[in-house]
Every structure is written in structure tokens, then in C-alpha cells.
Amino acid sequence: VERRGEILDVGLERLRDAVLAGPQALDALCSQVLRVALNGAGVPDDAALLAVRRVPQSPHLKVRLPAEPESLAVVRERLGRWLTEGGADPDERFAVTVAANEACANAVVHAYGPRPGPTMSLVGKRAAGSITIEVSDSGRWRAPRGRGGRGLDLMERLMDEVHVSHGEAGTTVRLRKNRPPAAQEPSA
Amino acid sequence: MRPSADSVALARIEQTVVDDVSLIAVSGEVDISNVKDLREAAYALPNNALGVVVDLTQTRFMDSTTVGLLFDMHANLARRRQALRVVCPEESVPRRLLEVTCFPADALVEPDVTAAVASIRLELARAE
């Protein structure tokens with residue numbers, strides 16, 4: 001960018017124009033920028049070009065993990081990042097993370113016997129109007145023992161819809177949190 | 001692939017005694033994988049302690065089993081004429097959870113552990 005005999009701003013401006021006028025494909029763009037920035041001539045110093053393209057995040061999140069207690073922190077971490085990137089506010093992040101954690105904990109505790117190996121999956125979808133989370137396992141829930149209902153109660157307090165369906169293939173908990181009209185998908 | 005959370009402890013639980021009050025400070029996250037550590041700390045209470053302060057200031061996450069444990073502690077300690085105080089900042093995950101589950105407001109103390117210990121001593125002095 002920097003050339004003898006001209007101020008740095010001129011080189012930066014040249015770089016900016018080259019990027020804006022360049023092709024979409026990253027490889028071709030790099031070639032074009034190098035051609036313009038180096039002026040087609042050899043330069044006495046090494047030149048390096050680092051190009052980063054922001055990949056728009058999918059509005060869907062898919063996580064499949066062993067149905068073990070230790071997986072819950074991983075689910076929360078992945079979910080938290082997805083929610084933040086999707087522009088969820090602190091109230092939404094709190095409600096969705098706590099409720100999804102409870103749904104996953106139920107899959108871990110109630111769905112399977114002690115035999116290791118089974119998994120649980122979480123699918124998150126967000127739209128302007130709502131965030132939905134589906135947590136599925138392939139086991140049959142045992143009835144909660146003791147105060148096991150506290151998790152379900154919490155989900156119902158925090159979410160706008162909680163639906164538990166038990167089928168032959170397993171159990172799915174569907175959670176929906178409505179978003180205020182102002183909440184929009186962030187542009188990529 | 002092992003979950004990355006395995007490599008470090010999810011929560012650190014520190015237990016001390018200040019002015020005959022047992023302090024349990026929890027930093028990190030509490031869920032079904034480690035709530036038993038907190039349960040053990042909660043029930044390792046000296047019989048002559050005036051009460052327990054659970055400091056959740058550094059607790060980034062907790063779940064319904066943790067809420068259940070705090071409810072149980074509140075009831076059990078009350079039966080034994082010992083007091084419970086939970087310290088958690090406004091807007092924090094523990095505070096939001098305890099509010100949404102209608103945790104007894106008299107056991108929630110805002111500013112810090114010192115205020116919580118003073119609050120327990122005051123309550124027990126009034127009761128005598």
C-alpha cells in the first residue's frame with residue numbers, strides 16, 4: 001500500500017477502490033487487488049494480502065451431542081453464541097438458554113438408561129417473529145422422580161410455548177419465544 | 001469428540017466461615033453435572049452456624065436443580081432456626097431465575113456478602 005513519494009492515504013484509497021471494483025470471488029478479488037496495489041510491477045519488499053469474508057450465519061443452529069450431563073455446558077455455549085450473533089437481547093438470551101438447558105437436562109436424565117452412547121439433538125430456528133428450539137432424544141421419558149417437574153415449570157414460565165411430544169422415535173420438546181416486532185435478523 | 005467443558009471445572013465452590021456464618025461462594029456455572037458439589041457444601045454446615053450466605057455474584061449460569069437446592073436449603077435452615085441469604089446482582093442469571101421462581105424475597109440480599117452476614121445476625125438478634 002505504501003509507496004515511496006506518496007502519502008499513505010493515497011495507497012489506502014487505491015486499495016479501497018480496488019476492493020470495491022473487484023470481482024466477488026475471493027481468489028479473483030485477491031489477484032485483482034494485488035495487481036492494482038502492486039501496480040503490476042515487482043516491489044522490493046515482501047507483500048502480503050490478508051482477505052477475510054464474513055460468512056452470513058445460518059438462521060438455524062444444529063447441535064448433536066452425547067446425552068450426558070457434561071454436554072449441557074457445550075449446548076449453552078453454542079446456543080449463547082448463536083443467540084448473540086442473531087441479535088437476541090439479554091432477556092431473550094436468558095429465557096431461551098435456561099429453557100433449552102432444562103429441555104436438554106430432561107433428555108439426559110429421563111430419556112435413557114445407564115448404557116452410554118445415546119445422543120440428544122437441539123435445533124434452533126430464528127425468525128423476525130420468534131425463536132424456536134427443538135430438543136429431541138430417541139428414548140422414552142421416565143416419569144420425573146421427586147421434584148423433577150421444576151424444570152418443566154421453569155420452561156413454561158420463560159417461554160411463550162412449551163410442547164412436549166412423546167413418540168415411538170423418542171421425545172421432542174418444542175420451545176418458542178416470541179420476539180417484539182422491532183427484532184429483525186441482522187444483515188450479513 | 002469430548003465436550004470442551006470437560007477440560008476445566010465448570011464451577012468453583014469456596015466455603016469459609018465469617019462471624020459464625022457459613023459462606024459458600026460459587027463462581028462459574030452450575031447444572032446437573034456439578035450441582036452435587038454445591039449440595040455437599042450446603043449440607044456440610046456446622047450445627048452451631050448462625051446461617052448460610054450463598055454468594056452467587058460470580059455465578060454465570062445455574063439451572064432448576066440449583067434453584068431447587070436453594071429452596072430446600074431455605075426450608076431446612078428455617079426449621080433449624082438458621083438463616084439463609086443469597087447474594088446475586090440485579091439482572092444476573094441467578095437473580096432472574098430466583099425472581100421468576102418466586103424465591104422468598106427475605107432471603108435475597110443485594111449488595112454483598114458483608115451485608116448478608118449483617119442481615120443474618122440482625123435477624124437472629126431480633127428473634128432472641
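Naming: A, B, ... by sequence-line order, numbering from 1 per chain. This one's a predicted model, so the numbers in the text were calculated from it and none came from an experiment.
With a 4.5 Å cut-off on side-chain heavy atoms, Asp31(B) and Arg76(A) count as touching.
Hydrophobic clustering, with ILVMFWY side chains joined whenever heavy atoms are under 4.5 angstrom apart, groups Leu70(B) together with Val52(B). Hydrophobic clustering places Val100(B) together with Met62(B) (ILVMFWY residues linked when any side-chain heavy atoms are closer than 4.5 Å, directly or through intermediates). Residues Val109(B) and Val113(B) do not share a hydrophobic cluster, clusters being chains of Ile/Leu/Val/Met/Phe/Trp/Tyr side chains in contact below 4.5 Å. Linking ILVMFWY side-chain heavy atoms closer than 4.5 Å, directly or via other members, places Val21(B) and Leu56(B) in two distinct hydrophobic clusters. With hydrophobic clusters built from ILVMFWY side chains whose heavy atoms lie under 4.5 angstrom apart, Ile133(A) shares a cluster with Val164(A).
To the nearest 0.5 Å, the span separating CZ on Arg157(A) from SG on Cys102(B) amounts to 5.0 Å. In this structure, Glu102(A) CD and Thr65(B) OG1 are separated by 7.0 Å, a value rounded to the nearest 0.5 Å. Here Leu154(A) contributes atom CG and Asp63(B) contributes atom CG; the two are 8.5 Å apart, rounded to the nearest 0.5 Å. Atom CD of Glu77(A) and atom CD of Glu29(B) lie 9.0 Å apart (nearest 0.5 Å). Between atom CD1 of residue Ile32(B) and atom CG of residue Asn106(A) there is a gap of 8.5 Å, rounded to the nearest 0.5 Å. Note: Phe61(B) CZ to Asn101(A) CG = 3.5 Å, rounded to the nearest 0.5 Å.
Within 6.0 Å of the CD atom in Glu6(A), the count of heavy atoms belonging to other residues, nucleotides or ligands exceeds 12. Within a 6.0 Å sphere centred on CD of Glu134(A), other residues, nucleotides and ligands contribute more than 12 heavy atoms.
Of the two parts of Asp91(A), the backbone and the side chain both hold a non-hydrogen atom closer than 4.5 Å to a non-hydrogen atom of chain B.
Taking 4.5 Å as the heavy-atom cut-off, the residues of residues 74-98 of chain B that approach chain A are Val93(B), Arg96(B), Leu97(B), ordered by number.
Donor-acceptor pairing under 3.5 Å is lacking for the side chains of Glu70(A) and Ser33(B).
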